[in-house]
Asks: 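Here you go, one structure.
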Amino acid sequence: MLSIIVPVLNEHESLPQLLAEIVRSGERHGVEYEVIFVDDGSRDGSWQAIRQLSDQDERVSGIRLRRNFGKAAALTAGMRAAKGDLVLMMDADLQDDPAEIPNFLSKLNEGFDVVNGWKQRRLDPWHKVFPSRVFNWMISRLTGLKLHDHNCGLKLFRAEVAREITIYGELHRFIPVLAHAKGFRVTEIAVHHRERQFGRSKYGVRRFLRGFLDLLTVKFLTGFGQSPQHMLGAIGLTFLGVGFLGLGYLAVLWLLMNLPPLWGGAPLIAVSPIGPRPLLAYSVAATLLGGQSLSLGLLAELIVSNTVREQATFSISERAGRREV
Ligand code: UDP
Ligand code: MG
């Protein structure tokens with residue numbers, strides 16, 4: 001069974017047409033499906049529309065969040081309620097075309113766990129399209145998962161993927177990356193994209209700064225999430241090393257100049273005083289930074305060691321043998 005999850009924020013005009021298109025597409029692909037609308041705190045009557053649709057069609061159900069929690073939270077609520085072994089997510093604004101669903105299903109059957117949409121001819125304003133290109137290029141470079149459109153609203157994945165990745169905040173942009181990091185096979189197909197007919201886009205220009213910060217988070221989580229000290233500690237040791245080198249050099253100079261006179265001899269070298277030297281300031285700063293980074297790393301390790309008890313740090317793809325393992 002296929003569970004279609006649709007996060008909804010103030011999209012009441014689109015919902016009836018969206019459902020009609022999903023039903024039409026469902027007749028074509030012939031798979032049993034359910035539609036879960038998740039109302040993410042709409043204030044425009046979207047919930048009433050969802051209730052109406054779920055009264056008319058028994059395959060349709062709705063979840064209403066108490067306030068606006070964001071798309072990632074809405075998707076998570078939908079995925080927890082989903083009964084299907086396949087999960088398809090799509091936007092509520094009619095920009096994603098339900099007629100694409102059969103193509104997603106057949107691509108998944110070629111042996112993938114995640115099929116990501118790619119809005120090849122994207123019908124959004126340029127101030128969205130251009131930064132999004134840069135963003136996709138950056139994600140692909142940094143995470144090693146090369147996709148044209150990481151944040152496409154239309155995606156199909158197996159229920160295991162939904163169970164094994166955790167999205168919160170605005171991490172819905174990184175579903176393929178998070179799945180890829182768990183070892184799931186991810187691919188993409190080009191999809192037909194449409195202009196927004198009703199309502200307004202929920203994301204402004206600020207999305208790009210936030211998206212960039214989230215990219216750093218995801219890079220850190222997928223790269224060093226299990227061993228943060230490997231990154232923070234390495235940075236810390238580097239800084240400490242540089243700091244100690246500088247301080248050591250200055251200490252030797254000081255000793256050569258000041259020790260012999262203590263025993264009544266002449267200074268071995270004559271150099272300017274150590275106190276005002278820039279090198280001293282830099283070395284002290286590096287030592288402090290190094291110590292900080294190292295202890296931050298230890299703190300992070302403490303948090304990880306306490307959380308891994310509840311979360312699996314691996315992902316199983318298959319089992320063999322008659323014994324339950
Ligand atoms: N959405 C949501 N909660 C939010 C923001 C957006 O559920 O806080 C939904 C919205 O209703 C739509 C989808 O996420 O179905 C994508 O939003 P939008 O179309 O505004 O994004 P864009 O296509 O402009 O990137
Ligand atoms: Mg949209």
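Read the numbers this way: they start at 1 and go in the same order the structure lists the ligands and their atoms.
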Asks: Regarding ligand 1, does Arg200 bring an N or O atom to under 3.5 Å of one of the ligand's N or O atoms?
Replies: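 N/O-N/O distance under 3.5 Å: no.
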Asks: Which atoms of ligand 1 sit under 4.0 Å from any heavy atom of Asn68?
Replies: 3 (N), 4 (C), 8 (O)
Asks: Among the heavy atoms of Gly153, does any lie under 4.0 Å from an atom of ligand 1?
Replies: no
Asks: Would Ile4 and Ile101 count as a side-chain contact (heavy atoms from CB on, under 4.5 Å) here? Give the steps.
Replies: CA-CA 10 Å; Ile4 301 176; Ile101 297 176; 4.0 Å; yes
Asks: Is a side-chain N or O of Gln229 found less than 3.5 angstrom from the main chain of Ala300, in a donor-acceptor match?
Replies: no
Asks: Taking both backbone and side-chain atoms of Pro7, is any N or O found less than 3.5 Å from an N or O belonging to ligand 1?
Replies: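 Yes, at least one N or O pair falls under 3.5 Å.
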Asks: What do you reckon, does Arg196 put a non-hydrogen atom under 4.0 Å from ligand 1?
Replies: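 Yes, Arg196 has heavy atoms under 4.0 Å from ligand 1.
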Asks: Rounded to the nearest 0.5 Å, how far apart are OG1 of Thr187 and CG of Leu156?
Replies: 11.5 Å
Asks: Examine Arg210 relative to Phe212 and say whether NZ or CZ is less than 6.0 Å from the centre of the six-membered ring and inside a 45° cone about the ring axis.
Replies: no
Asks: Could you work out, for atom 13 (C) of ligand 1, the closest of Asn151, Leu9, Asp91, Val6 by heavy-atom distance?
Replies: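 Looking at heavy atoms only, Asp91 sits closest to atom 13 (C) of ligand 1.
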Asks: Should the pair Arg196-Glu11 be classified as a salt bridge under the 4.0 Å nitrogen-to-oxygen rule?
Replies: yes
Asks: Got an N/O contact under 3.5 Å between Asp124 and ligand 1?
Replies: no
Asks: For atom 19 (O) of ligand 1, grab the closest protein heavy atom and report residue, atom and distance to one decimal in Å.
Replies: Asp93 OD2, 2.5 Å
Asks: Check each heavy atom of Asp40 against ligand 1 and say whether those closer than 4.0 Å belong to the side chain, the backbone, both or neither.
Replies: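 It is the side chain that touches ligand 1; the backbone stays farther off.
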Asks: Does NZ or CZ of Arg277 fall inside the cone over Tyr249's six-membered ring, less than 6.0 Å from its centre and within 45° of the axis?
Replies: no
Asks: What are the atoms of ligand 1, with element, lying closer than 4.0 Å to any heavy atom of Glu11?
Replies: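 Near Glu11, meaning under 4.0 Å from one of its heavy atoms, ligand 1 has 10 (C), 11 (O), 12 (C), 15 (O).
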Asks: Starting from atom 22 (P) of ligand 1, which protein heavy atom do you reach first, and at what distance in Å?
Replies: Lys128 NZ, 3.6 Å
Asks: Heavy-atom count around Phe198 CZ within 6.0 Å, excluding the residue itself: above 12?
Replies: yes
Asks: What pairs with Ser14 under side-chain hydrogen bond (donor to acceptor under 3.5 Å, both in side chains), at least two apart in sequence or on another chain?
Replies: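 By the side-chain hydrogen bond (donor to acceptor under 3.5 Å, both in side chains) rule, Ser14 matches no residue at all.
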Asks: Please identify each residue that fulfils ring-ring contact (aromatic ring centres under 6.0 Å, His included) with His148, with sequence neighbours left out.
Replies: Trp118
Asks: Taking both backbone and side chain into account, is any N, O or S atom of Ser201 nearer than 2.8 Å to the Mg ion (ligand 2)?
Replies: no
Asks: With a cut-off of 4.0 Å, which atoms of ligand 1 are near a heavy atom of Val8?
Replies: 7 (O), 11 (O)
Asks: Below 3.5 Å, N or O to N or O, backbone or side chain included: is there any such pair between Gln95 and ligand 1?
Replies: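 Checking ligand 1 against Gln95, an N or O pair does fall under 3.5 Å apart.
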Asks: Roughly how far apart are Leu154 CG and Asp96 CG, rounded to 0.5 Å?
Replies: 4.5 Å
Asks: Does the distance from a Lys or Arg side-chain N to an Asp or Glu carboxylate O, for Lys107 and Glu100, drop under 4.0 Å?
Replies: no
Asks: Has Asp93 got an N, O or S atom lying less than 2.8 Å from the Mg ion (ligand 2)?
Replies: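 Given the 2.8 Å cut-off, Asp93 counts as a ligand of the Mg ion (ligand 2).
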Asks: For atom 21 (O) of ligand 1, which protein heavy atom lies nearest, and how many Å away is it?
Replies: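 Result for atom 21 (O) of ligand 1: Tyr203 CD1, 3.5 Å.
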Asks: For ligand 1, which atoms sit closer than 4.0 Å to a heavy atom of Arg207?
Replies: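 The list of qualifying atoms is 22 (P), 24 (O), 25 (O).
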Asks: Is the shortest distance from a Lys or Arg side-chain nitrogen in Lys71 or Asp91 to a carboxylate oxygen in the other one below 4.0 Å?
Replies: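 Asp91 and Lys71: salt-bridged.
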Asks: Is Asn10 touching ligand 1 with its side chain, its backbone, both, or neither, if touching means heavy atoms under 4.0 Å apart?
Replies: neither
Asks: To the nearest 0.1 Å, how far is atom 20 (O) of ligand 1 from its closest protein heavy atom, and which atom is that?
Replies: Lys202 N, 2.6 Å
Asks: Classify the contact between Lys71 and ligand 1 as side chain, backbone, both or neither, using a heavy-atom distance cut-off of under 4.0 Å.
Replies: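 The answer is both, backbone and side chain.
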